[in-house]
Every structure is written in structure tokens, then in C-alpha cells.
Amino acid sequence: MAYDLWVNETLYEAWGQRFRVKRELARVTSAFQDIMIFESETHGRVMMLDGVVQITEADEFSYQEMIAHVPLLAHGDAKNVLIIGAGDGGVLRRVLQHRNVERAVMVEIDGEVIRLAKEFLPGIAGDAWNDPRAEVLVADGIDYVRNAPDASFDVVIVDSTDPIGVGEVLFTDEFYANCARLLTARGLVVNQCGVPQMQADELRETSIRRGKVFPDIWAYVAAVPTYVGGFMTLGWAGKDAGCRAVPPAEIRRRAEAAGILGTTRYWTPEIHAGAFHLPPYIAEHLPPRR
């Protein structure tokens, strides 16, 4: 009989998904979390942190494109970008696809995630690790934003785990207040807010916290099959509400100028604009509009 090995995701107690494993590639306990990378039969290589799926080769583009391209093109002139987390390098790669970006600082607390991604998931980041515009730091994102100079970044992208364990401190009042301080006048921050069908508290609570220091609070959605439960929400906090209402024709013009038009598999100017139109079951968890 064939050897039958399955890996079960442990995000929820009463519901989940499982993958049949072709082979295990790495299993490491770092100073922060348990890291596992395996080759699945259906989704290519998969990285799990503390038993929770972070990325698969099959559908990573859906999430990475939306968390990176949407804020950069909504801003329209982002030259300095700060990435918190995202140790697999996929967000860094998408940010650096924008030819107008001059500097991308990535701060990942767990160096083992970066090391293992480079070894076992090299296609996720591609050549981004070696781009001269990239500054990759193994450091605490909380400390970095606390010490960053005022108005030193145009966009902040927070690609963290859920607000438990190592990711918890990235969802605090202090963190968002520092993000507001280090952003330029039209600056904005996006962060993953979970799947609202199962994690509505995450979207609701972080929206309230971001709303204490940013005038424009909303969310947009992306469908990522291995983030089970329907739409994944990406929290939006901006200083200029106009960034959220740029028409598709202008987004297309900006994307062409940035050099990403025609390079994507999920993002389009129309998807970009439509992603902010939320189903009521998601919108009800956001603060009332001012």
C-alpha cells in the first residue's frame, strides 16, 4: 500500500484543510515559531508557521499582488516602501517590480523564515533579495517603526501572521501611531486582517485601532484559495481618502508607467477598484464612515 501522509492545518479548532504530502523539505523550530516546508501534490511547495498555512506556490500570486500593487498604485508616487514581515520575499519582489520605487526596506523578525524561503521557495522572491534598492533586515518591526524618522516612507505593508504569538504586537495602538508618524502626507498602510467569515474580530478590532490615528479607514478583499473561508481582507488606513477612489483608467496609466501592467495573474485595474466594494457581511465590521 502506498505511503499516505497528510498535513492538517491547525488555525481553527473545528474546521480546516489538509494537504497530501509528496515530501517534507524542512522542519525547524526557530526562536519564534515552528516552520515547516513541504511539497504538496496539489499546491506545489507550502510553508506553514505554527501549523498555519502562510504561502503556497500555487496561489501566492493572489495575495502578494493585492497586498503590494494596490497600495503602491493607489498612492501613485510611492518611492520609499516599508515592509513588515513577509519573510518569504514575495511582497518584496512585487514592490520592486515598480520601477518608480527607490527604496524598499523589509523587516522580518525571524531570520529562519528568510533562510528557508531562499533555500526551498526560491521562486517566490526571485531576484528581489539581490536588488540594490532592497534593504532586508532581520529585526523587530516594532522597534523599527518606533525609531524610524518622521515622514520617511510613503507606504507601509504589514504582511504578518495573525495577531497571536509573534504577530500580536503588530496590531497595537502604538504600532499604528508610529506608522502614521513615519508616513508622508499622503501615506498609507495596509495589513492582512484575516478571513472575516472566521476572523471578523481581527478586522473589527484593528480597524478601530487604525482609526485612532488615520482619517481614512477601510478594507479591500482578495480571494486566496488556501486562506480558507472566503475573501481575505486587507486593512486599509490612509491619510488621504482620495487614494482609495482612483478610477481604473488612472490606475491603468500608473501601472503602465510603473512597469507592471500585463505582468500579473490576479491584479488588474478593474479588480483593484472593485476590491474596495465590500459585501455587507464584511463592511459591517468596519467603523462607521465619518
Margin query: According to side-chain hydrogen bond (donor to acceptor under 3.5 Å, both in side chains), does anything in residues 105-127 pair up with another residue at least two apart or in another chain? List the pairs.
Written below: Ser30-Asp110, Gln33-Asp110, Glu112-Arg115
Next item on the list: Starting from the C-alpha separation in whole Å, work towards a yes-or-no answer on salt bridge (Lys or Arg N to Asp or Glu O under 4.0 Å) for Arg265 and Glu65.
Entry: CA-CA 8 Å; Arg265 296 183 65 202; Glu65 289 177 9; over 6 Å; no
Any [X] side-chain heavy atom under 4.5 Å of [Y] side chain:
X: Val145; Y: Ile84; value: yes
X: Trp15; Y: Glu9; value: no
X: Met47; Y: Leu121; value: yes
X: Lys22; Y: Glu41; value: yes
X: Leu261; Y: Arg252; value: yes
X: Leu73; Y: Ile260; value: yes
X: Met36; Y: Val7; value: yes
X: Leu72; Y: Val95; value: yes

Separation between [atom1] of [X] and [atom2] of [Y], rounded to the nearest 0.5 Å:
X: Thr233; Y: Ile282; atom1: OG1; atom2: CD1; value: 6.5 Å
X: Leu92; Y: Gln97; atom1: CG; atom2: CD; value: 10.5 Å
X: Arg133; Y: His98; atom1: CZ; atom2: NE2; value: 10.0 Å
X: Phe38; Y: His43; atom1: CZ; atom2: NE2; value: 9.5 Å

Note to self: Please confirm whether the ring centroid of Tyr176 lies under 6.0 Å from the ring centroid of Phe214.
What the structure shows: no
Checklist line | Evaluation steps, side-chain hydrogen bond (donor to acceptor under 3.5 Å, both in side chains), between Asp159 and Tyr63 | finding: CA-CA 10 Å; Asp159 179 23; Tyr63 178 75; 2.6 Å; yes
Margin query: Does Arg146, at its CZ atom, have more than 12 non-hydrogen atoms belonging to other residues, nucleotides or ligands within less than 6.0 Å?
Written below: yes
Note to self: Does Glu256, at its CD atom, have more than 12 non-hydrogen atoms belonging to other residues, nucleotides or ligands within less than 6.0 Å?
What the structure shows: no
Charged N to carboxylate O under 4.0 angstrom, [X] versus [Y]?
X: Glu60; Y: Arg94; value: yes
X: Asp216; Y: Lys239; value: no
X: Arg186; Y: Asp154; value: no

Next item on the list: Would you check, one step at a time, whether the test side-chain hydrogen bond (donor to acceptor under 3.5 Å, both in side chains) holds for Asn8 with Gln17?
Entry: CA-CA 6 Å; Asn8 292 287; Gln17 64 181 325; over 6 Å; no
Notebook entry, point to check: Between the side chains of Asp59 and Thr56, does any donor sit under 3.5 Å from an acceptor?
Noted result: yes
Notebook entry, point to check: For residues Ser207 and Arg204, is any side-chain donor paired with an opposing acceptor at under 3.5 Å?
Noted result: no
Notebook entry, point to check: Applying ring-ring contact (aromatic ring centres under 6.0 Å, His included), which residue pairs with at least one partner in residues 231-264 are found, sequence neighbours left out?
Noted result: Trp236-Phe276
Item checked: Arg103 side-chain N/O to Val81 backbone N/O, donor-acceptor pair under 3.5 Å -> no
Notebook entry, point to check: Do the side chains of Leu82 and Leu137 join up, straight or via other hydrophobic residues, at under 4.5 Å, putting them in one cluster?
Noted result: yes
Notebook entry, point to check: Same cluster or not: are Leu5 and Val53 linked, directly or through other Ile, Leu, Val, Met, Phe, Trp or Tyr residues, by side-chain heavy atoms under 4.5 angstrom apart?
Noted result: yes
Notebook entry, point to check: In this structure, which one of Asp150, Asn147, Asn80, Val156 forms a side-chain contact (heavy atoms from CB on, under 4.5 Å) with Leu182?
Noted result: Val156
Check: For the side-chain hydrogen bond (donor to acceptor under 3.5 Å, both in side chains) test, which of Gln54, Arg93, Gln64 pairs with Asp88?
Finding: Gln64
